[in-house]
Protein chains: 2
Amino acid sequence: MVTIKDVAKLADVSIATVSRVVNGYAHVRPDVRDAVNKAIDALGYRRNGLASSFRTQQSNIVGVLLRQQRTPFSSALAYAIETTMFDQGYRVLLCSTNGDADREQAYLETMLDMRVQGVIIRPSGTTAKTVKQVNLLRERGISVAFVDMKPKIAAVSSVVCDNFSGGYQGMRHLIELGHRKIGVVAGGVAQRGGSHDVGSERVRGIRQAARDLADDVEIVFSHPFDTASFDVGREVGAAMITENAGITAIFGTTDMLAIGVMHAAHALGLDLPRDLSILGYDGVLESAVTFPTLSTIAQPIHEMGQIAAMTLIDHMSEASKSPRQTVLENTLIQRASTIPLED
Amino acid sequence: MVTIKDVAKLADVSIATVSRVVNGYAHVRPDVRDAVNKAIDALGYRRNGLASSFRTQQSNIVGVLLRQQRTPFSSALAYAIETTMFDQGYRVLLCSTNGDADREQAYLETMLDMRVQGVIIRPSGTTAKTVKQVNLLRERGISVAFVDMKPKIAAVSSVVCDNFSGGYQGMRHLIELGHRKIGVVAGGVAQRGGSHDVGSERVRGIRQAARDLADDVEIVFSHPFDTASFDVGREVGAAMITENAGITAIFGTTDMLAIGVMHAAHALGLDLPRDLSILGYDGVLESAVTFPTLSTIAQPIHEMGQIAAMTLIDHMSEASKSPRQTVLENTLIQRASTIPLED
DNA sequence: CGCTATCTTGTAAACGTTTTCAAAACAAGA
DNA sequence: TCTTGTTTTGAAAACGTTTACAAGATAGCG
C-alpha cells in the first residue's frame with residue numbers, strides 16, 4: 001500500500017505538499033507540483049479514500065431511498081439520479097426498501113454511519129414517520145430532497161409533476177375524442193396519506209376536467225386503491241368492462257394498470273382500440289410496447305431525476321440555500337390505443 | 001458529535017472496553033457491558049462508520065458493475081443482488097456504465113478508493129480490458145464474481161444460465177408444435193467477444209436442436225448483432241416476415257427483440273398467434289404483458305443475482321475459497337404466443 | 001538596500017476507531 | 001498460602017489523510 005508518505009519521500013517534499021497537489025490547491029510551485037506528480041505516477045499512488053473521508057468526515061456519497069415497490073418508473077428514476085450524480089462526482093447508495101420498515105431503518109442507519117452528504121427520497125406517502133426521519137437527517141446536517149411527492153410539512157426541496165394537470169389533460173383528450181362514458185381505474189392512491197399524493201391529484205384533475213369540459217360526461221370510478229400493478233389492472237378492468245355496459249374509454253392512472261386493463265379487454269374478446277380506448281399514465285418503456293401501443297400521459301422521468309439530483313447538489317454545496325419546489329409538466333403521448341368514438 | 005471517548009468517560013471505562021462492547025467481543029464482564037450500553041443509550045452514541053472503515057481499511061460495500069445498457073433484465077438483476085447483499089449486511093454501490101469507458105474507469109477507481117470488499121460484474125463481453133480490470137481488482141485483494149457471463153480466462157467465480165440448453169429447449173418447443181420454417185432473430189451476440197457469450201450460446205443451442213430433432217427444419221437467421229432492443233426487433237422482424245414467405249414461427253433470443261417482432265407482425269396485419277408463433281427469451285416482466293402474452297425461455301434472474309451475491313460473500317469472508325462456477329437452467333414458460341401449426 | 005506583502009513550504013496535531021501488549025484481577029488447584 | 005492459568009481491563013500506538021500555524025522564501029516597492 002503506497003501512501004502519501006512514500007510519495008513525499010520520493011519527491012522530497014512534505015506530506016502536506018503532496019496533499020495539496022493531490023487536492024489541486026493553488027500555491028504550489030509548478031516545478032514542485034510536477035515533481036510530486038511524477039512521484040505519484042512512479043509509485044502508482046492513489047489517495048486512500050477511506051482515510052480522506054474519515055479526516056473530512058464526509059463521503060461523496062448520496063443515498064437514494066426508494067420506498068415503493070420496484071417498478072419500471074422507480075428504476076428509470078434511479079437511473080437518472082445515478083447518472084446525474086455520477087457526472088457531478090457523487091456516488092449513489094441505492095436503497096430499495098420495498099416498504100419494509102426494518103429495512104428502511106437499517107438503510108437510514110447505514111446512511112448516517114457512512115456520513116452520506118445528502119439523501120433523495122421518493123416516499124410512498126408523507127407519513128409522520130417520514131417527517132421524523134427527515135428531521136433526523138437534517139439535524140445531522142444531511143441535505144434532503146424529495147422526488148415525485150411534495151412533502152406536506154417540512155420545508156424540504158422537492159421535484160414533482162403536476163399530476164392534477166396530467167389527469168386533466170388525459171381526461172380532456174378522451175372527451176375531445178368524443179367519449180362520454182369513461183372508466184377510471186385509480187391506483188397509487190395513498191390510503192391514509194391525505195389528499196396530496198400522486199394518485200389523488202390525478203383523480204382530482206380528472207374530475208375537474210369532466211366538470212369543465214362537458215356536462216354530459218359520466219365517470220365510472222373503480223375504488224381507488226394503493227397498489228397499481230398489472231394484475232390489479234387486469235382484475236379491476238375486467239370487472240369494470242363487464243359490469244358497465246356503454247363504457248367506451250378507460251383511463252388507468254398508471255401505465256401498468258392500463259396495460260392490465262388492456263389485457264382484460266383482450267381476454268373478453270374486445271377489439272382494441274375500436275371497442276375501447278385505453279389511456280395510461282407515466283410513459284414507462286412498457287407503454288410503447290403493448291398492442292395496441294398505449295396512449296399515455298408521460299412523465300419526464302429522466303428530467304425529474306436529473307433535477308432532483310441537481311437540487312440536492314446545490315443544497316449540499318451551499319447548505320444555506322433555501323428549499324426549492326420544482327413542478328414539471330406531464331404531456332400526452334398519443335399512440336394507438338385511443339381513437340375517436342365512432343357514432 | 002458524541003464519540004467513543006464520551007461513552008468511555010461516562011461509563012468510567014477505557015475506550016478499548018467501549019470498542020469491545022460495541023463490536024460484541026467476548027471477555028467483557030457483564031456488569032461492565034451493561035454500564036457501557038447504558039452510557040451508549042444515554043448519549044445516543046453511534047459508532048462513526050467512516051472512522052471504523054478507515055481503521056480496518058474496509059467498508060462493507062460491494063460494487064455492482066453493470067456494463068450493458070439499462071434493461072429490464074439488468075434492473076431485475078441489480079435488485080436481486082441488492083436485497084441479498086442487504087440481508088447479509090452489505091451495501092451496494094451501483095455502477096451503471098452503459099458501455100461508457102470513461103465512466104467505467106471512474107467507477108472502478110471509486111471502488112478502489114472506497115475499498116469495496118468485492119465486486120460483481122456483468123460484462124458485455126470478455127474483452128482483454130475486462131481481464132485486466134479483474135486482475136487489478138484481485139491484486140488489491142478485492143473479490144470478484146461474474147454474473148450472466150462466464151469469464152474465459154481468469155479463474156473467477158461466475159453464475160450463468162445454460163444458454164445453450166435454453167436455445168435448445170426453445171427450438172424443441174417450436175419444432176414440437178409442428179413448425180418447420182423458423183426465423184431466428186439473434187441479438188446480444190458479441191461481435192468480437194469470441195464464442196462463449198450469451199447470444200452465441202443460444203444460437204448454438206438452436207442449431208443443435210434443429211439438427212437433432214427433425215431433418216426438415218429450415219432456419220432463417222437474421223444476422224446476429226450486438227444490440228437486442230425493441231426497435232431492432234421490430235425492424236429485423238418486419239424484414240424477416242416480408243422477405244421469407246412460409247415462416248410460421250420466429251424465435252427472438254431476447255424478450256425485447258421478440259416483442260419488437262410481435263409489433264412488426266401486428267403492423268403487417270398478421271393475426272397472432274394464428275399466423276405466426278413468437279417465442280422470446282429472458283422472462284422479463286414485459287413478456288407477461290404483451291398481446292398475446294409471450295411464450296419465453298425464462299431465466300431465473302432473481303436466483304442468479306442471489307447466488308452471485310452469496311458466492312461473492314463466501315469469497316469475501318474466506319479469501320482462500322476456490323472459484324465456483326454455477327450454471328442454472330432456463331425453463332420454458334408457455335403462454336399465448338406460441339401455438340401448434342395448423343395444417 | 002530595507003521594508004512589507006505575498007507566496008510557498010514544512011511541522012505537527014487532529015480525526016475516531018481498532019488492536020497489540022502487558023498488567024491487573026480473579027479463579028482454581030495444590 | 002502459593003502457583004499457575006485464565007479472564008478482564010487499560011495505555012498507547014497506529015491507520016492516512018487534512019489543515020492550522022508558523023516560518024522561510026520571494027517579490028515588489030520606495
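Bear in mind the structure is a predicted one, so any value in this text is a computation, not a measurement. Residue numbers start from 1 in every chain, and the chains themselves are labelled A, B, ... in the order their sequence lines are given, proteins ahead of strands.
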Validation row: A:Met85, A:Val64 side chains within 4.5 angstrom (heavy atoms): no
Quick check: do B:Met310 and B:Ile307 have side-chain heavy atoms less than 4.5 Å from each other? no
Interatomic distance where [atom1] belongs to [X] and [atom2] belongs to [N] [whole Å]:
X: B:Leu50; N: D:dT17; atom1: CG; atom2: P; result: 15 Å
X: A:Asp31; N: D:dT26; atom1: CG; atom2: C1'; result: 13 Å
X: A:Asn60; N: D:dT18; atom1: CG; atom2: P; result: 13 Å
X: A:Phe54; N: D:dC15; atom1: CZ; atom2: P; result: 13 Å
X: B:Lys9; N: D:dG10; atom1: NZ; atom2: P; result: 15 Å
X: A:His27; N: D:dA20; atom1: NE2; atom2: P; result: 14 Å
X: A:Leu43; N: D:dG16; atom1: CG; atom2: P; result: 14 Å
X: B:Gln58; N: C:dT18; atom1: CD; atom2: C1'; result: 12 Å

Does [N] have OP1 or OP2 sitting under 4.0 Å from an N or O in the side chain of [X]?
X: A:Arg29; N: C:dT9; result: yes
X: B:Ser52; N: C:dT17; result: no
X: A:Arg47; N: D:dT17; result: no
X: A:Thr3; N: D:dG16; result: no

List the residues meeting salt bridge (charged side-chain N to carboxylate O under 4.0 Å, His left out) with [X], not counting sequence neighbours, and say none if there are none.
X: A:Glu104; answer: A:Arg67
X: A:Asp87; answer: B:Arg103
X: B:Asp113; answer: A:Arg46

Under-3.5 Å N/O pairs linking protein and nucleotides 19-24 of chain C:
| unit_1 | atom_1 | unit_2 | atom_2 | d |
| --- | --- | --- | --- | --- |
| C:dT19 | OP2 | B:Tyr25 | OH | 3.3 |

Can you give me the bend angle of the helix from C:dC1-D:dG30 to C:dA30-D:dT1? Use the axis through the first five pairs and the one through the last five, nearest 10 degrees. 30°
Heavy atoms under 4.0 Å, any strand shown: does A:Val32 hit a base, just sugar-phosphate, or nothing? sugar-phosphate
For A:Val13, answer base if it contacts any base atom (sugar-phosphate contacts may also be present), sugar-phosphate if it contacts only those atoms, and nothing otherwise; contact means non-hydrogen atoms under 4.0 Å. sugar-phosphate
Sequence neighbours excluded, every pair satisfying salt bridge (charged side-chain N to carboxylate O under 4.0 Å, His left out) that has a member inside residues 3-17 of chain B: none
Mind listing the residues from residues 107-117 of chain B sitting with a heavy atom below 4.0 Å of DNA chain D? Number order is fine. none
Does anything in residues 299-312 of chain A form a side chain to side chain donor-acceptor pair (under 3.5 Å)? List the pairs, not counting sequence neighbours. A:Asp282-A:Gln299
Just jot down the side-chain hydrogen bond (donor to acceptor under 3.5 Å, both in side chains) partners of A:Ser52, sequence neighbours excluded, or say none. A:Arg47
Qualifying ring-ring contact (aromatic ring centres under 6.0 Å, His included) pairs, either residue in residues 6-57 of chain A, two or more places apart: A:Phe54-B:Phe54
Quick one: list whatever passes ring pair (Phe, Tyr, Trp, His ring centres under 6.0 Å) with B:Phe86, sequence neighbours left out. A:Tyr107
Quick one: side-chain contact (heavy atoms from CB on, under 4.5 Å) partners of A:Ala76, sequence neighbours excluded? A:Ile301
Intermediate values then yes/no, side chain to side chain contact (heavy atoms under 4.5 Å, CB included), B:Thr97 and B:Leu65: CA-CA 7 Å; B:Thr97 66; B:Leu65 190 64; 3.5 Å; yes
